Amino acid sequence: MTVTRRGFIALFGVVAARLFYLQIVDGADLASAAESNRTNVATLHAKRGTIYDRNGNVLAMSIDCSTIYCNPQNVHDPSGLATVLASILGGEYNDYLADVTKDTTFVYVQRQVDADVVKRLKSELSDKDIEGVYYLDDTKRVYPYGGTCGQILGVVGTDGQGITGLELQYDDILTGTDGEMIMETGLGGTPIAGGTYEVTDAVNGTDVILGIDVNIQEKAETALVDAVKTYKAESGSILVMNPKTGEIHCACSTPLANVSDLSTVDSDGLTLKLVSMSYEPGSVFKVITTSTGIEAGLFDSDSTYPIPETIQVGDDTVTDDDSRDYTMDMTIREMLRRSSNVAMAYLVQEVIGAKTFSKGVDAFGIGHKTGIDYPGEVEGIVKAYEDYDGSTAGSMAFGQGVAVPMIQIARAFSAVANGGSLVTPHFLAMKGDEEVEWDPVAGPISKDTADQVTDMMRTVMKEGTGKNGQVEGYDIAGKTGTGEQSSSEGGYAEYNYTASLCGFANASDPQVLVYVGLNGVAYLAKDSAAPLFATIMSEAVTDLNIPPATSTT
């Protein structure tokens, strides 16, 4: 009797200790586990902010849709359910069958399903008395203009986060805060009718307005694709922006990206080459060379120098396209009009000097990021003065031996157009009700220098290599460039140019700057980039309501 009593007391002690452990030591974890077994948590997706162009046109927006899921424990006709899902949602019967027969209480069937499809699915399942399928409110990104602006806008993942382009750049602004719904469930994980629901509402993202003009963008994308085909280019790029503010009205590179159909898009299509790839710019760089010399007080537009038929730059002999066989007295204006490589090399080597030239190039921001609000900007390849060799300055004088993204060239030209200030190229104009400020900074040249260079650029467009880029009635200042591109085997590839033209209108009070470039062409800029420039500039001045010039002097 005594032994039995002692045994009972020992057993009681063990039970008491176990109860103490379960209730006191491990009680919180057990309660949490029990709670999780009788609740399901569903995410309530916030609606992503809408993206508008400068005229209020919707470029990207989020619309309501549904995410479909099922509880396999409540599916009593898995074969019938799989048949219906495959019929309405698309996909393979066997894949759906595998999902709806899993040993779990929650399986995603399909995300971001359009409302009309969900309606048909509900009707079909109801008619066949098939249970176990449920729906969550969701949103998805749509693009009213289809593939237009695809590279700029970028891609949003199924989780609602920006992956590329401005969707990535401004993800923190566009993305709201997801909410959640905690549902009380029964033994099999089925939501209990009338059970407890705890809802934390989602907070939608902020709308943004871009400087993009979708009409210019549509025209540019079509014209660029045609030009790349016509001139058998490897790729091409177009930029339209306000040179006074840096606001971008159009930007694109080929291949284009139709983000409304991601099955047609590859990584190259999501690359805005203006920003993320470097090219040897060629003669557009002569604007920087002449600006640097004038700003340093070394010459003006009427200064005259004896330009030889050829000039030695390091180990290379530089010639001009006109095959001159004599020395010619040229003004600085004539050097730009003729786009003389020999003259530019002469100016840098004999007049400006390598050190002053290097400072001028740096002051224009060449070799530095512009700060454009787009992912993937590169700095380019630009030698510092201390790294110059015997050919560096002479070659860079006419845009060879230096490789930069063309957004840097556009910004440099903007400084000439606006009287000497460096602007930040940018897409974003407003976020919500707040106007975004992008203040210009003191630039590389004075207004007097800018005015002189602008006037010489007028001559280029009227009488020089830019004649094919003129738009009737408008006073355009610009410069062409035909930059040879390096070969993988060393040196320069034969008939492999980046043909470009960058210019602004009207020259006396510039409201718009256009850059066009065709990469990997065998044509000079005057015969390829210039006609494309005229097409884009004509569209830009029309859509931006820029009146013709009252004078072109």
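None of these values were measured; they are calculated from a predicted model.
- Look at Arg338 and Asp320 and you find no salt bridge, because none of the NZ, NE, NH1 or NH2 atoms lies under 4.0 Å from a carboxylate O.
- Thr370 and Gln408 share no side-chain donor-acceptor pair at under 3.5 Å.
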Where do Met344 and Leu347 land on the side-chain contact (heavy atoms from CB on, under 4.5 Å) test, with the steps shown first?
-> CA-CA 5 Å; Met344 290 298 121; Leu347 286 180; 4.0 Å; yes

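- In this structure, OG1 in Thr498 is found 9.5 Å from CE in Met277, a value given to the nearest 0.5 Å.
- Between the side chain of Asn468 and the backbone N or O of Pro531, no donor-acceptor pair lies under 3.5 Å.
- Between the side chain of Thr254 and the main chain of Gly236, a donor-acceptor pair closer than 3.5 Å is present.
- Within 6.0 Å of NZ in Lys219 there are 12 or fewer heavy atoms belonging to other residues, nucleotides or ligands.
- The shortest side-chain heavy-atom distance between Asp475 and Arg458 falls under the 4.5 Å cut-off.
- The two atoms that bring Ile476 and Val471 nearest to each other are CD1-N, 3.7 Å, heavy atoms only.
- Atom NZ of Lys383 sits in a crowded spot, with more than 12 heavy atoms from other residues, nucleotides or ligands closer than 6.0 Å.
- Using a 4.0 Å cut-off between charged nitrogen and carboxylate oxygen, Asp226 and Lys229 do not count as a salt-bridge pair.
- Defined by atom type and a distance below 3.5 Å, a donor-acceptor pair is present between the side-chain atoms of Asp373 and Tyr170.
- Summarising the geometry, atom CG belonging to Leu174 is positioned 10.5 Å from atom CD belonging to Gln169; distances are rounded to the nearest 0.5 Å.
- Between the side chain of Ser276 and the backbone N or O of Gly376 there is no donor-acceptor pair closer than 3.5 Å.
- Of the inter-residue distances, the one linking His426 atom NE2 with Glu437 atom CD reads 9.5 Å to the nearest 0.5 angstrom.
- Nearest heavy atom pair, residue Glu377 against residue Gly371, reads OE1-N, 3.2 Å.
- Contact of the His368 side chain with the Val382 side chain is not registered, since no non-hydrogen atoms from C-beta on lie closer than 4.5 Å.
- In summary, the side chains of Ser339 and Thr465 do not present any donor paired with an acceptor at a separation below 3.5 Å, with no hydrogens or angles considered.
- A heavy-atom distance below 4.5 Å is found between the side chains of Ser291 and Val416.
- Screening Ile212, Leu239, Asn242 for a side chain to side chain contact (heavy atoms under 4.5 Å, CB included) involving His249 leaves a single residue, Asn242.
- Within the 4.5 Å cutoff, the side chain of Lys359 has no heavy atoms near those of the Ile352 side chain.
- You'll find the side chain of Thr319 stays beyond 4.5 Å of the side chain of Asn341, heavy atoms only.
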Run the side-chain contact (heavy atoms from CB on, under 4.5 Å) check on Ile307 and Arg324 step by step: do they pass?
-> CA-CA 10 Å; Ile307 304 303; Arg324 264 184 313 111; 3.8 Å; yes

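- For Asn418 (side chain) and Gly420 (main-chain N/O), a donor-acceptor pair under 3.5 Å exists by modelled atom type.
- In this structure a side-chain-to-backbone donor-acceptor pair under 3.5 Å is present from Ser303 to Asp300.
- If you check the side chains of Gln217 and Thr148, you find no donor sitting under 3.5 Å from an acceptor.
- From Ile366, atom CD1 reaches atom OG of Ser358 across 12.0 Å, with rounding to the nearest 0.5 Å.
- You'll find the side chain of Asp448 reaches within 4.5 Å of the side chain of Gln452, heavy atoms only.
- When the options Met457, Lys244, Gln511 are evaluated for a side chain to side chain contact (heavy atoms under 4.5 Å, CB included) with Phe504, the one that passes is Met457.
- Between Cys250 and Ala220, the closest heavy-atom pair is SG-CB, 3.4 Å.
- Once rounded to the nearest 0.5 Å, the distance linking OG of Ser260 with CZ of Arg141 reads 13.5 Å.
- Using modelled atom types, no side-chain atom of Ser237 and backbone atom of Gly517 make a donor-acceptor pair closer than 3.5 Å.
- With hydrogens and angles ignored, the 3.5 Å screen pairs a side-chain donor or acceptor of Thr392 with a backbone N or O of Asp389.
- With Thr459 as the fixed residue, the side chain to side chain donor-acceptor pair (under 3.5 Å) test singles out one of Glu334, Arg337, Arg333: Arg333.
- Closest of all the heavy-atom pairs between Leu256 and Gln151 is CA-NE2, 4.2 Å.
- Of the possible polar contacts, one joining the Ser253 side chain to the Lys273 backbone as a donor-acceptor pair under 3.5 Å is found.
- Atom CG of Asp268 sits in a crowded spot, with more than 12 heavy atoms from other residues, nucleotides or ligands closer than 6.0 Å.
- Between the side chain of Asn506 and the backbone N or O of Pro547, at least one donor-acceptor pair lies under 3.5 Å.
- Atom CD in Glu435 sits 9.5 Å away from atom CD1 in Ile209 (nearest 0.5 Å).
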Walk me through it: do Leu274 and Tyr515 pass the test side-chain contact (heavy atoms from CB on, under 4.5 Å)?
-> CA-CA 10 Å; Leu274 285 160; Tyr515 165 86; 3.6 Å; yes

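- The environment of Leu298 atom CG is dense: over 12 non-hydrogen atoms of other residues, nucleotides or ligands sit within 6.0 angstrom.
- Counting heavy atoms from C-beta on, the side chains of Met461 and Phe533 come closer than 4.5 Å.
- At most 12 non-hydrogen atoms from other residues, nucleotides or ligands lie less than 6.0 angstrom from CG of Asp315.
- Listed for the Gln400 side chain is no donor-acceptor partner under 3.5 Å among the backbone atoms of Glu280.
- Between Arg54 and Leu544, some side-chain heavy-atom pair lies under the 4.5 Å cut-off.
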Would you please test Tyr231 and Leu532 for side-chain contact (heavy atoms from CB on, under 4.5 Å) and show each step?
-> CA-CA 11 Å; Tyr231 300 109; Leu532 176 59; 5.7 Å; no

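- In the model, Thr289 has no side-chain atom that pairs as donor or acceptor with a side-chain atom of Thr292 under 3.5 Å.
- Contact record, Ser414 with Leu513: OG-CD1, 3.6 Å, taken as the closest heavy-atom pair.
- Relative orientation of the Phe299 and Tyr305 rings is perpendicular, given thresholds of 30° and 60° on the angle between their planes.
- Counting all heavy atoms, side chain and backbone alike, Ala251 lies closest to Ile152 at O-CD1, 3.2 Å.
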